[in-house]
Amino acid sequence: MTINGKTTCLEYFSKTSNIEVLTEPVSKWRNVRGHNPLALMYQDPKRWGITLQTYVQLTMLDRHLSSVSAPVRMMERSIFSAKYIFVENLFRSGKMPEVDFAVLSEWFDWITTNISIPVDLIVYLQTSPQTCYERLKQRCREEEKVIPLEYLESIHHLYEDWLIKQTSFPLPAPVLVIPADHDLQNMLHQYEENRDKILAGSCLL
Ligand SMILES: Nc1ncnc2c1ncn2[C@@H]1O[C@H](COP(=O)(O)OP(=O)(O)O)[C@@H](O)[C@H]1O
Ligand SMILES: Nc1ccn([C@H]2C[C@H](O)[C@@H](COP(=O)(O)O)O2)c(=O)n1
């Protein structure tokens with residue numbers, strides 16, 4: 001999901017030795033050579049969706065290919081969720097022109113066919129759109145103030161189809177589902193309970 005506690009979870013595990021944590025490169029998406037493609041995408045998705053998602057694809061690929069510095073790597077999101085969820089959502093909602101979707105899909109297919117992107121485990125922090133909406137307001141990131149609940153509902157359905165129903169796109173790894181509508185204390189407890197499974201190597205979505 002989006003805005004559901006991934007960074008908070010990674011911060012928790014980053015305190016464990018032998019784990020390398022790779023957060024999403026959001027700061028790059030908010031500032032590429034002085035431009036803010038994340039803000040532009042929310043302002044006018046039809047015009048700027050392709051711009052943001054092309055850059056997301058590049059920066060996520062860069063994250064996947066960066067050299068490993070610890071026995072376990074935990075990564076926030078992946079090149080797969082970028083394509084199967086966010087690009088798909090822009091296209092299906094009529095906010096990405098067909099030609100933009102086609103070009104981005106060609107890039108994605110080329111990358112995933114020619115470059116090995118191994119993922120051992122997907123950890124799905126399963127949150128309701130309402131919870132994400134509350135956390136969005138709490139975090140109060142300037143670019144995201146325009147996001148309506150309906151947007152989070154669409155993203156949620158795409159995630160559920162992919163990771164729970166498993167009816168939409170191929171899964172690059174098995175899925176561990178952690179219900180994540182709970183308060184922080186409860187979440188930390190769940191992270192501890194799942195620690196061994198998670199440390200088998202994971203990618204948070
Ligand atoms: N379990 C939780 N209960 C309540 N608030 C939370 C919880 N986890 C995270 N938050 C808050 O929600 C907001 C988004 O969390 P964050 O970890 O940045 O999400 P993400 O990385 O998925 O966007 C932050 O303000 C964070 O402090
Ligand atoms: N492919 C993507 C990935 C992320 N976003 C947006 C969604 C959020 O506004 C922001 C960061 O996500 P978070 O870590 O808070 O879940 O980036 C996108 O539009 N496309």
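Counting starts at 1 for both ligands and their atoms, in listed order.
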Participant: Tell me whether L22 shares a hydrophobic cluster with V119, the cluster being built from Ile, Leu, Val, Met, Phe, Trp, Tyr side chains joined at under 4.5 Å.
Facilitator: yes

Participant: Given the side-chain rings of W162 and Y84, with only the six-membered ring counted for Trp, is the space between their centroids under 6.0 Å?
Facilitator: yes

Participant: With the threshold set at under 4.0 angstrom, would you say E143 reaches ligand 2 through any of its heavy atoms?
Facilitator: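 The answer is no: ligand 2 sits nowhere under 4.0 Å from a heavy atom of E143.
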
Participant: Using a heavy-atom cut-off of under 4.0 Å, does the side chain or the backbone of T7 touch ligand 2, or both, or neither?
Facilitator: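 T7 to ligand 2: no contact under 4.0 Å from either part.
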
Participant: I need the minimum non-hydrogen distance between R135 and H182, along with the two atoms involved.
Facilitator: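 The pair with the smallest heavy-atom distance is NH2-O, 3.2 Å.
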
Participant: For L52, is the nearest heavy atom under 4.0 Å from an atom of ligand 2?
Facilitator: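 Contact present.
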
Participant: Give me the residue, atom name and distance of the protein heavy atom closest to atom 15 (O) of ligand 2.
Facilitator: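 Looking at atom 15 (O) of ligand 2, the protein heavy atom closest to it is R139 NH2, 2.8 Å.
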
Participant: Under 4.0 Å, heavy atoms only, figure out whether ligand 2 is touched by the backbone of I3, its side chain, both or neither.
Facilitator: both

Participant: Who passes side chain to side chain donor-acceptor pair (under 3.5 Å) against W48, sequence neighbours left out?
Facilitator: none

Participant: Evaluate R77 for polar contact with ligand 2, using N/O atom pairs at a separation under 3.5 Å.
Facilitator: yes

Participant: Hey, does M60 sit under 4.0 Å from ligand 2 if you only count heavy atoms?
Facilitator: no

Participant: Is any side-chain heavy atom of Q126 closer than 4.5 Å to a side-chain heavy atom of I164?
Facilitator: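 Of all side-chain heavy-atom pairs linking I164 with Q126, at least one is under 4.5 Å.
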
Participant: With hydrogens left out, which residues have an atom under 4.0 Å from ligand 1, given that only heavy atoms count?
Facilitator: I3, N4, G5, K6, T7, T8, E76, R135, Q138, R139, H182, D183, L184, M187

Participant: Taking atom types as modelled and ignoring hydrogens, do the side chains of S154 and R92 form a donor-acceptor contact shorter than 3.5 angstrom?
Facilitator: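 Not at all, the side chains of S154 and R92 share no donor-acceptor pair under 3.5 Å.
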
Participant: Scan residues 9-24 for pairs that pass salt bridge (Lys or Arg N to Asp or Glu O under 4.0 Å), counting only residues two or more places apart or in two chains.
Facilitator: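 For residues 9-24: E20-R73, E24-R77.
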
Participant: May I ask you to list the atoms of ligand 2 that are less than 4.0 angstrom from any heavy atom of E24?
Facilitator: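 What qualifies from ligand 2 is 11 (C), 12 (O), 13 (P), 14 (O).
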
Participant: Run the numbers for me: atoms of ligand 2, each under 4.0 Å from some heavy atom of E76, listed by number.
Facilitator: 14 (O)

Participant: Going by the order shown, which atoms of ligand 2 are within less than 4.0 Å of some heavy atom of Y42?
Facilitator: 6 (C), 7 (C), 8 (C), 9 (O)

Participant: Any Lys/Arg nitrogen of R195 or E192 sitting under 4.0 Å from an Asp/Glu carboxylate oxygen of the other?
Facilitator: yes

Participant: Does anything in residues 105-117 pair up under side chain to side chain donor-acceptor pair (under 3.5 Å), and if so which pairs, sequence neighbours excluded?
Facilitator: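 Qualifying pairs, neighbours excluded: K83-S105.
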
Participant: Are any non-hydrogen side-chain atoms of I115 and L65 less than 4.5 angstrom apart?
Facilitator: yes

Participant: Nearest heavy-atom pair of L176 and K197: which atoms, and what distance?
Facilitator: CD1-CD, 3.9 Å

Participant: Decide whether the shortest distance between a heavy atom of R141 and an atom of ligand 2 is less than 4.0 Å.
Facilitator: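 A heavy atom of R141 does come that close to ligand 2.
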
Participant: What atoms in ligand 2 come closer than 4.0 Å to a heavy atom of M41?
Facilitator: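 Within the 4.0 Å cut-off of M41, ligand 2 contributes 19 (O).
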
Participant: Could you please spell out the steps behind the side chain to side chain contact (heavy atoms under 4.5 Å, CB included) verdict for K46 and L90?
Facilitator: CA-CA 8 Å; K46 263 195 177 150; L90 281 165; over 6 Å; no

Participant: Which ligand 2 atoms does L38 reach within 4.0 Å, using its non-hydrogen atoms?
Facilitator: 6 (C), 17 (O)

Participant: Give me the nearest non-hydrogen protein atom to atom 8 (C) of ligand 2 as residue plus atom name, then the distance to 0.1 Å.
Facilitator: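 Atom 8 (C) of ligand 2 sits closest to the protein heavy atom E144 OE2, 3.1 Å.
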
Participant: Just jot down the ligand 2 atoms closer than 4.0 angstrom to any heavy atom of V56, in number order.
Facilitator: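 Per the distance check, 1 (N).
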
Participant: Scan side-chain atoms only and decide if D181 and T127 contain a donor-acceptor pair under the 3.5 Å cut-off.
Facilitator: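 No donor-acceptor contact under 3.5 Å links the two side chains.
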
Participant: At what distance is the nearest protein heavy atom to atom 18 (C) of ligand 2, and which residue and atom is it?
Facilitator: F86 CD2, 3.5 Å

Participant: Please work out whether the ring planes of Y42 and Y151 are parallel, tilted or perpendicular, with thresholds of 30° and 60°.
Facilitator: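 Rings of Y42 and Y151: perpendicular, as their planes differ by over 60°.
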
Participant: Would you mind listing which atoms of ligand 2 come within a distance below 4.0 Å of any non-hydrogen atom of A82?
Facilitator: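 Under 4.0 Å from A82, ligand 2 has these atoms: 1 (N).
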
Participant: Checking the N or O distance criterion of under 3.5 Å, is ligand 2 in contact with W29?
Facilitator: no

Participant: Y124 and E160: side chain to side chain donor-acceptor pair (under 3.5 Å), yes or no, with the steps?
Facilitator: CA-CA 10 Å; Y124 179 34; E160 292 280 306; 2.8 Å; yes

Participant: Looking at atom 20 (N) of ligand 2, what's its closest protein heavy atom, distance included?
Facilitator: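 Of every protein heavy atom, Q53 NE2, 3.0 Å lies nearest to atom 20 (N) of ligand 2.
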
